[in-house]
2 protein chains.
Amino acid sequence: MAAELRANGHKLTPQRLAVVRVLREATEHLTPLQVLERARGIRSGVGLTTVYRTLDLLSELGFVRRVHLGGGCQAYAPVRQRAGHHLVCQGCHHVVDFPCAGLTELIEQTARQTGFTVASHLLEFEGLCPACQ
Amino acid sequence: MAAELRANGHKLTPQRLAVVRVLREATEHLTPLQVLERARGIRSGVGLTTVYRTLDLLSELGFVRRVHLGGGCQAYAPVRQRAGHHLVCQGCHHVVDFPCAGLTELIEQTARQTGFTVASHLLEFEGLCPACQ
DNA sequence: GTGCTAATTGAAAAAGTTTTTCAGTTGCCA
DNA sequence: TGGCAACTGAAAAACTTTTTCAATTAGCAC
Ligand SMILES: [Zn+2]
Ligand SMILES: [Zn+2]
Ligand SMILES: [Zn+2]
Ligand SMILES: [Zn+2]
């Protein structure tokens, strides 16, 4: 992510890099507060404000995705698959990406039946990871 | 909804009925504060606490669904189709239901490839309603 | 290197949202 | 017509998120 951040004209501050690293290495979804804790383990003194700002930035750039299932709507997980969505474990909040496929027909059918145009979609799966089953 | 509320052992208070009516008649998604305003138009003196409690109750009973797209995650829309999901207009927040169909294969494929079991899913579409196009 | 500047940062305050408390009220059943 | 558990709303508490602003700093030009 760091390289792409720079490519997009953003400074590579140690605080920002700590947050980026936390999310790159995360296997579960993390709330801003959880990100703060972990980022402070990498670089003490990171502020919560910076965490919020960095999460917004990473969202915009498509490096993280907000996760709605599995406890609240304020958790973030790394995007490992650009054209994909998140599958969350109900037990341990482990998050994996799965490819977005097979929605085209449903989208077209929905557009036809409602008269709406469909510009984007939100899809998440929730279940149990192998370890929690 | 009122009949089913009673069937599920809940009291039919005027406050609760006002909130129920607001949501039955809503064509857009509504935040708790918006629900409060409208409910007070039906029955003055309704409290915000009651709105929150009633929205929780109606969610549990499956009469409303929380909507995540189109501005925050704290908006509610009536469920007009049990086995369905919501499509939200980006312009006016008009919400319609569409049937849940065609996901089985993607779910099975995802389960196979990840080793997770998939218990539930969240799906929302966002676009423009006929009037806003 | 050195200096410049716009971007970034964090503490604090403000704003906003949601939950908890609790005393009083009330729908519903016997 | 009680009786009582469910329900209510005001206030307070608890949280979460955003805004402010003075100080710092990454990255660039020289
Ligand atoms: Zn959400
Ligand atoms: Zn798990
Ligand atoms: Zn519209
Ligand atoms: Zn579905």
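Proteins come first, then strands; the chains are lettered A, B, ... in the order of their sequence lines, and each starts at number 1.
Residue B/Leu57 contributes atom CG, which lies 8 Å from atom P of D/dC7 at whole-angstrom precision. Regarding A/Leu33, its CG atom lies at a distance of 9 Å from the P atom of D/dT17, rounded to whole Å. The interatomic distance linking A/Tyr52 (OH) with D/dT20 (P) rounds to 18 Å, in whole Å. B/Leu36 has its CG atom 13 Å from the P atom of C/dT18, to the nearest Å. To the nearest angstrom, C1' of D/dT16 lies 12 Å from OH of A/Tyr76. We find that CG of A/Leu55 is positioned 12 Å from P of C/dT9, with the value rounded to whole Å.
For A/Glu105, the CD atom counts as loosely surrounded, since its 6.0 Å shell holds 12 or fewer non-hydrogen atoms of other residues, nucleotides or ligands.
Contact between the side-chain N/O atoms of A/Gln74 and the OP1/OP2 oxygens of D/dT17 is found at a separation under 4.0 Å.
To the nearest 0.5 Å, atom CG of residue B/Leu17 and atom CD1 of residue B/Ile42 are 9.5 Å apart. Separation of atoms CG (B/Leu87) and CG (B/Asp97) is listed at 9.0 Å; rounding is to 0.5 Å.
In this structure, B/Phe116 is a member of the same hydrophobic cluster as A/Phe125, with clusters built from ILVMFWY side-chain heavy atoms closer than 4.5 Å. Hydrophobic clustering of Ile, Leu, Val, Met, Phe, Trp and Tyr side chains at less than 4.5 Å, counting indirect connections, unites A/Leu23 with A/Leu36. Criterion: ILVMFWY side-chain heavy atoms under 4.5 Å apart, direct or through other members. Under it, B/Val118 and A/Leu128 are not part of a common hydrophobic cluster.
B/Tyr76 is linked by a ring-ring contact (aromatic ring centres under 6.0 Å, His included) to nothing, counting only residues two or more places apart in sequence or in another chain. Every side-chain contact (heavy atoms from CB on, under 4.5 Å) that A/Cys100 has, sequence neighbours left out, goes to A/His85, A/Leu103, A/His121.
Residue pairs meeting the side chain to side chain donor-acceptor pair (under 3.5 Å) criterion with at least one member in residues 40-53 of chain A: none, sequence neighbours excluded.
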Open item on the list: Before you tell me yes or no, could you show the steps for A/Arg16 and A/Leu57 under side chain to side chain contact (heavy atoms under 4.5 Å, CB included), namely the whole-Å CA-CA distance, both residues' side-chain angles and the distance that decides it to 0.1 Å?
Closed with: CA-CA 10 Å; A/Arg16 195 170 268 174; A/Leu57 177 62; 3.7 Å; yes
Task: Criterion side chain to side chain contact (heavy atoms under 4.5 Å, CB included) on A/His93 and A/Val67, from CA distance to verdict - done: CA-CA 10 Å; A/His93 294 161; A/Val67 177; over 6 Å; no
Open item on the list: For nucleotides 24-30 of chain D, give me one character per nucleotide, 5' to 3': B if any protein heavy atom sits under 4.0 Å from the base, S if the only such contacts are to the sugar-phosphate, - if neither.
Closed with: -BBS---
- [ ] For each nucleotide in nucleotides 10-15 of chain D, reading 5' to 3', give B when a protein heavy atom comes within less than 4.0 Å of its base, S when such contact involves only the sugar-phosphate, and - otherwise.
- [x] BB----
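End-to-end axis angle of the helix from C/dG1-D/dC30 to C/dA30-D/dT1, using five pairs per end and rounding to 10°, comes to 40°.
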